[in-house]
Amino acid sequence: YSIEFSLKTYPITFLNRTDLEKGDKILLPSNILRKLSEYEIKGPIIFEISNINTKRKSHCGVMDFTADQGCAYLPRWMMENLALKEGEKIQFSYCTLEKGNYVKLQPQTDDFLEISNPKAILEAKLRYFTCLTKLDTIAIEYNNKIYWINVVEVKPGTAISIIDTDIDVDFAPPIIKKNLNSEKSHEEKLELPGTKASERSLIDSSETSSEEENCGTSFKGEGHVMK
């Protein structure tokens, strides 16, 4: 499929959806959902998302279709990862990703490795993620603290789906060492449970070009949730 469109982007906190800050799922407008029946795409929706100005790319999943027309709402950490400002447009391209079998993660500070059983914490937190992209920096929240984690490498390819798959995880040494006795690196295997998804699909850009005037305001209409 060649399904592409662009939307203005705003932090998901504009809609008081702070619960979505802990993963990589975004909100899209309802007009996209209305076009889904035109395609026969199975499995969870994944997009390649690109900062139009910097060409920086990442990937994301979709939570639901309650965004204002012409807008997309992203976790704030994702906007920072893509160097996006509020109201900037990004390009969406529907894609499919292979299931991952390996990821190398690098905490930006070594205090993440001081958490009791960081492997278990990662396994729990990554359940909220759909995919991982090489060179991304993701945010993991634990005990009211945000830990920034660099995605150094993934296999196969440069972006992977992490739904319903076992992944070997290698920790690279942290960038900033607050504790010189901190553990240098180790490997774990994470089992990431899947999330059911009905047949889904995406639309082309022609439907979204003239519907941006309501961006940045709270959604007041009826929403549609992906299950």
Looking at T137, is its backbone amide N or carbonyl O close enough to the side chain of N81 to form a donor-acceptor pair, meaning the two atoms are under 3.5 Å apart? yes

Tell me if the CZ atom of F129 is crowded by more than 12 foreign heavy atoms within 6.0 Å. yes

TODO: Apply the test salt bridge (charged side-chain N to carboxylate O under 4.0 Å, His left out) to residues R17 and D64: give CA-CA distance (whole Å), side-chain angles for both, the deciding distance (0.1 Å), then the verdict.
DONE: CA-CA 12 Å; R17 293 295 304 271; D64 61 39; 3.4 Å; yes

| message | Taking the side chain as everything from C-beta on, heavy atoms only, tell me whether I160 gets closer than 4.5 Å to C131. | response | no

Q.
So F92 and I26, do their side chains get closer than 4.5 Å, heavy atoms only?
A. yes

Sidechain-backbone polar pair: W77 side chain, I140 backbone, donor-acceptor under 3.5 Å: no

Rounding to 0.5 Å, atoms CE (M78) and NZ (K25) come to a distance of 9.5 Å

Hits for side-chain hydrogen bond (donor to acceptor under 3.5 Å, both in side chains) against E88, two or more places apart or cross-chain, chain-then-number order -> N53

Quick note, salt bridge (charged side-chain N to carboxylate O under 4.0 Å, His left out) partners involving residues 131-144, not counting sequence neighbours, are K125-E141

Q. Below 4.5 Å, heavy atoms only, C-beta onward: do L20 and L15 meet side chain to side chain?
A. no

*Could you please spell out the steps behind the side chain to side chain contact (heavy atoms under 4.5 Å, CB included) verdict for T96 and I46?*
CA-CA 6 Å; T96 57; I46 297 177; over 6 Å; no

Is any side-chain heavy atom of L7 less than 4.5 Å from a side-chain heavy atom of L28? yes

Value for NZ (K89) from CG (N51), rounded to nearest 0.5 Å, stands at 13.5 Å

NZ/NE/NH1/NH2 to OD/OE distance under 4.0 Å, D111 and K145: yes

Hits for ring-ring contact (aromatic ring centres under 6.0 Å, His included) against F112, two or more places apart or cross-chain, chain-then-number order -> Y147

Q. Does T54 use its side chain to pair, donor to acceptor, with the backbone of R56 at less than 3.5 Å?
A. yes

Regarding E80 and K85, does a basic nitrogen lie under 4.0 Å from an acidic carboxylate oxygen?
no

### Message
Parallel, tilted or perpendicular: which one describes the rings of F5 and F47, with boundaries at 30° and 60°?
### Response
perpendicular

Under the side chain to side chain contact (heavy atoms under 4.5 Å, CB included) criterion, do Q106 and I175 qualify, and how do the steps go?
CA-CA 7 Å; Q106 180 183 45; I175 296 176; 3.6 Å; yes

Scanning both residues in full, the closest heavy-atom pair of I52 with S6 reads CD1-CB, 4.3 Å

Begin from the C-alpha positions of R76 and E86 and carry the test salt bridge (charged side-chain N to carboxylate O under 4.0 Å, His left out) through to its verdict. CA-CA 10 Å; R76 188 172 288 278; E86 293 176 7; 3.8 Å; yes

Under a 4.5 Å side-chain heavy-atom rule over Ile, Leu, Val, Met, Phe, Trp and Tyr, are Y128 and L97 clustered together?
no

For a side chain to side chain contact (heavy atoms under 4.5 Å, CB included) check, start with the C-alpha distance between L74 and I90, then their side-chain angles and the critical distance, and finish with the verdict. CA-CA 11 Å; L74 281 62; I90 60 172; 4.1 Å; yes

Note: G70 and P29 closest approach over all heavy atoms is N-CG, 3.9 Å

What one should report as the nearest heavy-atom pair of P156 and G100 is CD-CA, 4.1 Å

How far apart are the C-alpha atoms of S30 and Q69, what are their side-chain angles, what is the distance that settles it, and do they pass the side chain to side chain donor-acceptor pair (under 3.5 Å) test?
CA-CA 7 Å; S30 59; Q69 297 304 309; 3.0 Å; yes

OG1 (T13) and CE (M79) are apart, to the nearest 0.5 Å, by 9.0 Å

SG (C60) and CD (E48) are apart, to the nearest 0.5 Å, by 10.0 Å

### Task
With side chain to side chain donor-acceptor pair (under 3.5 Å) as the test, would you mind laying out the steps for D68 and Y10 before giving the verdict?
CA-CA 10 Å; D68 302 301; Y10 293 90; over 6 Å; no

Between A159 and H59 the two heavy atoms that sit nearest each other are CB-CE1, 3.4 Å

Practice prompt. Following the transitive rule for hydrophobic clusters with a side-chain heavy-atom cut-off under 4.5 Å over Ile, Leu, Val, Met, Phe, Trp and Tyr, establish whether I121 and V169 coincide in one cluster.
Written response: yes

query: Mind checking whether V103 and L135 sit in one hydrophobic cluster, side chains of I, L, V, M, F, W, Y counted as touching below 4.5 Å?
result: no

Next item on the list: Mind running side chain to side chain contact (heavy atoms under 4.5 Å, CB included) on Y102 and D170 for me, showing each step along the way?
Entry: CA-CA 8 Å; Y102 174 83; D170 183 9; 3.4 Å; yes

Between L82 and K57, the two heavy atoms sitting closest are CD2-C, 4.0 Å

Taking side chain as C-beta onward, heavy atoms only, is T9 less than 4.5 Å from Y73?
no

In this structure, CG of L105 is separated from CD1 of I149 (nearest 0.5 Å) by 7.0 Å

Rounding to 0.5 Å, atoms CD1 (I49) and OG (S58) come to a distance of 5.0 Å

Could you check if a side-chain atom of I162 sits within less than 4.5 angstrom of a side-chain atom of I167, using non-hydrogen atoms only? yes

In the structure I gave you, are the side-chain heavy atoms of V154 and T133 within less than 4.5 Å of one another anywhere?
no

Would you kindly confirm whether V151 and F171 end up in one hydrophobic cluster when ILVMFWY residues are joined by side chain heavy atoms under 4.5 Å apart? yes

(message) Do T109 and P174 have side chains that approach each other closer than 4.5 Å (heavy atoms only, starting at C-beta)?
(response) no

